[in-house]
Amino acid sequence: MLRKTMAVAALAVASIAIVGTAHARDQIRVVGSSTVYPFTTAVAEQFGKTGKFKTPVVESTGTGGGFKLFCAGVGPDHPDVSDASRAIKASEIETCAKNGVSDIVEVKIGYDGIVLAAAKRASHIDVTRKQLFLALAKEVPVDGKLVENPYVTWNQIDPKLPANKIEVLGPPPTSGTRDAFIELVLEHAAESFPELKELKKTDEKAFKKAYSSIREDGAYIEAGENDNLIVQKLDANPNAFGIFGYSFLEQNEDKLQGSKVDGVAPTFDDIAGGKYPVSRPLYIYVKKAHVGQIPGIKEFLVEYSSEKSWGKTGYLADKGLIPLADGERKEWATKATSLETLKK
Amino acid sequence: MTETTQMARLGAVRPTAEIVAARLKRRHNAERRFRAVGLGAVLLALGFLGVLLFTIVGNGITAFVQTYVRVDVTFDATLLGIEGDTNPDVLASANYPAVIKQSLYRAFPEVKSRGEQRQLGAMVSSGADIDLRKMLVADPSLLGQTRSLWLLADDDIDMAVKGHIPRKPGVSGNRLSDNELHWLSELESRGAIKTRFNTLLWTSGDSREPELAGLWGAVVGSIYSLVITLLVSFPLGVATSVYLEEFAPKNRWTDLIEVNINNLAAVPSVVFGLLGLAVFLNIFGMPRSAPLVGGLVLALICLPTIIIAARAAMKAVPPSIREAAAGLGASKLQVVTDHVLPLSMPGILTGTILGMAHALGETAPLLMIGMVAFIVDIPATPLDPSAVLPVQVYLWADSPERAFVERTSAAIMVLLMFLALMNLSAILLRKKFERRW
């Protein structure tokens, strides 16, 4: 019996080695941002339902991790599409080109708002980005000098804010949401302090460090990548605030409310209209060399850029995507369907 | 003077028996305290387990039923856009959502505005048309007829019926508008809402619509992975331990190997995932997200557990049995295959099952080889992309839709059930084949 098992195992190992080498792919593979993941998966599912092609496989690797895989090369071993919650960087385009990935199609799919939300029964607050900087940065300017953040309660920053302890649950450093929050809120606010503005002129690196360091004394709590967990914690603790994507607020509006930032509440219309300050564009990137090699890429782009998916009343809007303006949508849809590549 | 005080003191000293009794009492008290602490620890652990199971079952039990809406559906050829053509290809691509929407509008003739009609149409799941398609393709004579059908409800309706979202009208920010709540109560009073056993949870793959999402893809992926894990790790593990225990000379090299195996058992599993990525994917070029690679990586994780358990089981076989066999002229190989292995098999199997149970619950190493992904199609072979059960739990826990909260707990219950079955079989095997010398 033992000898038989051994033989079977040897056979299994051998066959594994053989199948591993020759493998063609008939299914689209998508990698990238966890923010775009809910939208791309919804499109993938609809695309698969038509029955002509297999349902694409979508992995949530983070924007940076996605580009790393995407730019690793051309061929069935490498993904066809990369989701991104920011535009591709010049350095990433360079890496891509180095590995033979030269023709990349960029498609802007919509916007995402990053919200500061609290439990519904909590006191409503209306903050400015400057106040958020004072509440969350590791070092803040006091009397012309950068010092360790001294603020414990919100009303120490501004007497109009409530007398509650500063408690903000947010994403960890690996998250694209955090990168965007830092860029859109903290960097923007930092420039409005004369001390930091001075620093930017003299020492760009120190300035970057000053605005991108979030305090680590317990006022900002890294809550992991799981936004549902943040929702539950906010529901239990009315003094706490959470930072996450608009889609989670939209799904939980009976429990949570979004705080106004710079006087604008995070509503669908105000994010779409560009009034809400903390919003960012979302993209997908497609490898043109794979069109024709992997079946269905072109049709997938047609599905993604159709009105019934990314339009104002499309199914992606139901999932929390903030659609592009009408003209912009038309323009990107043409780019997507005609596979217009990124200019260097 | 000093002598008398000493005498007096001695006189005050208690007799020996009393001292012994007091000390005994102290020792008994100490023992009682120790037992109480021990019992307390056990109770605390049971309490935590109870709370965990209670919340999981409390959250997840409702996911095993699903809400359905009864709608009188007319298979109208014009609405379907097929003009009486009963060619199966035409029937398969007909416009079924339009038929469902029309049927709902007919159930509520007072709803006229486009916005409200949109809301009304959204009460039935976007996956309900698949059932209609199946019906009509199977029986084209239904065309033009009206049937009263139970259609899958949308996840928000499902949540309201199960009481997970508030049903009071006027709550701002509610997922369901006052209109929808009114229609829901109206349908309920007509007896057109009911809950049924959720078969989709067991038969379909992942989906972004909670009411359509199922575990079957993940279950199949888990089974494929575990079969590969077993095929690779069991023979390798047993062969390694037989060699190390019965044949290998005891020297510095074998000591080194032994230390390394013990260390490997404690290596964080994500490291094995990185190894899998580097070796299986990058060097051998195996497909990403495939249960084949998952199984191989999990086999690496299981190996140390199996080797350690197998060696312990072989050590427990008394030397007298080996000596008796050798004395009757058996070769070393015969001693091992005919005596040592059969006698140590219960221990080896228990170790293997425990290792497999550990592998069943792993997600971290699978993240590296792309198995943490949105995969809808049920894998047909171990080479197709697939998720596994713990990955499905992780993905659902991270989805924004409210209905995924209960489905996450349901998936955890299914996973725990598999784990309990595996552990139970380990206990039964041990009970059945255990031998004492």
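These values consider heavy atoms only, across backbone and side chains, with no hydrogens, waters or symmetry-generated copies. Per chain, numbering begins at 1; letters A, B, ... match sequence-line order.
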**Heavy-atom closest contact (A:K319 atom, B:E401 atom, distance)** = NZ-OE2, 2.8 Å
**Item:** Contact leader toward chain B among A:G65, A:A42, A:P38, where contacts are heavy-atom pairs under 4.5 Å
**Value:** A:P38
**Complete:** One should read off an interatomic distance between B:S126 OG and A:E45 CD, to the nearest 0.5 angstrom, of 7.5 Å
**A:L256, part contacting chain B, at a heavy-atom distance under 4.5 Å** = neither
**Message:** Is the shortest side-chain heavy-atom distance between B:P385 and A:Q27 below 4.5 Å?
**Reply:** yes
**Message:** For B:R288, is there an ion pair with A:D77 - N to carboxylate O distance below 4.0 angstrom?
**Reply:** no
**Heavy-atom closest contact (A:S247 atom, B:P400 atom, distance)** = O-CB, 4.3 Å
**Item:** Contacting moiety of B:L395, where chain A heavy atoms sit under 4.5 Å
**Value:** side chain
**Item:** side chain to side chain contact (heavy atoms under 4.5 Å, CB included) partner of B:R208, the single match among A:T41, A:T40, A:V43
**Value:** A:T41
**Prompt:** Which one of B:D384, B:D377, B:V405 has the most heavy-atom pairs closer than 4.5 Å to chain A?
**Reply:** B:D377
**Request:** Tell me, for A:Q257 versus chain B, whether the close heavy atoms (under 4.5 Å) come from the side chain, the backbone, both or neither.
**Result:** neither
**Prompt:** Looking at B:G370, B:G127, B:A290, which one has more heavy-atom pairs under 4.5 Å with chain A than the rest?
**Reply:** B:G370
**Request:** With B:F374 as reference, evaluate A:V57, A:V58, A:V30 under the side chain to side chain contact (heavy atoms under 4.5 Å, CB included) test and give the passing residue.
**Result:** A:V58
**Request:** Report, as yes or no, whether the 6.0 Å neighbourhood of atom NZ on A:K260 holds more than 12 heavy atoms from other residues, nucleotides or ligands.
**Result:** no
**Complete:** Honestly, the part of A:P56 sitting under 4.5 Å from a heavy atom of chain B is backbone
**Complete:** OG1 of A:T61 to CE of B:M368, rounded to nearest 0.5 Å, is 11.0 Å
**Item:** Shortest non-hydrogen separation from B:V372 to A:E59 and the atoms involved
**Value:** O-CG, 3.7 Å
**Item:** Heavy-atom pairs under 4.5 Å with chain B, option from A:Q232, A:K54, A:Q46, A:R29 with the top count
**Value:** A:R29
**Asked** Once you round to the nearest 0.5 Å, how far does CG of A:D254 lie from NZ of B:K168?
**Response** 11.0 Å
**Request:** Determine whether more than 12 heavy atoms belonging to other residues, nucleotides or ligands lie under 6.0 Å from atom NZ of B:K134.
**Result:** no
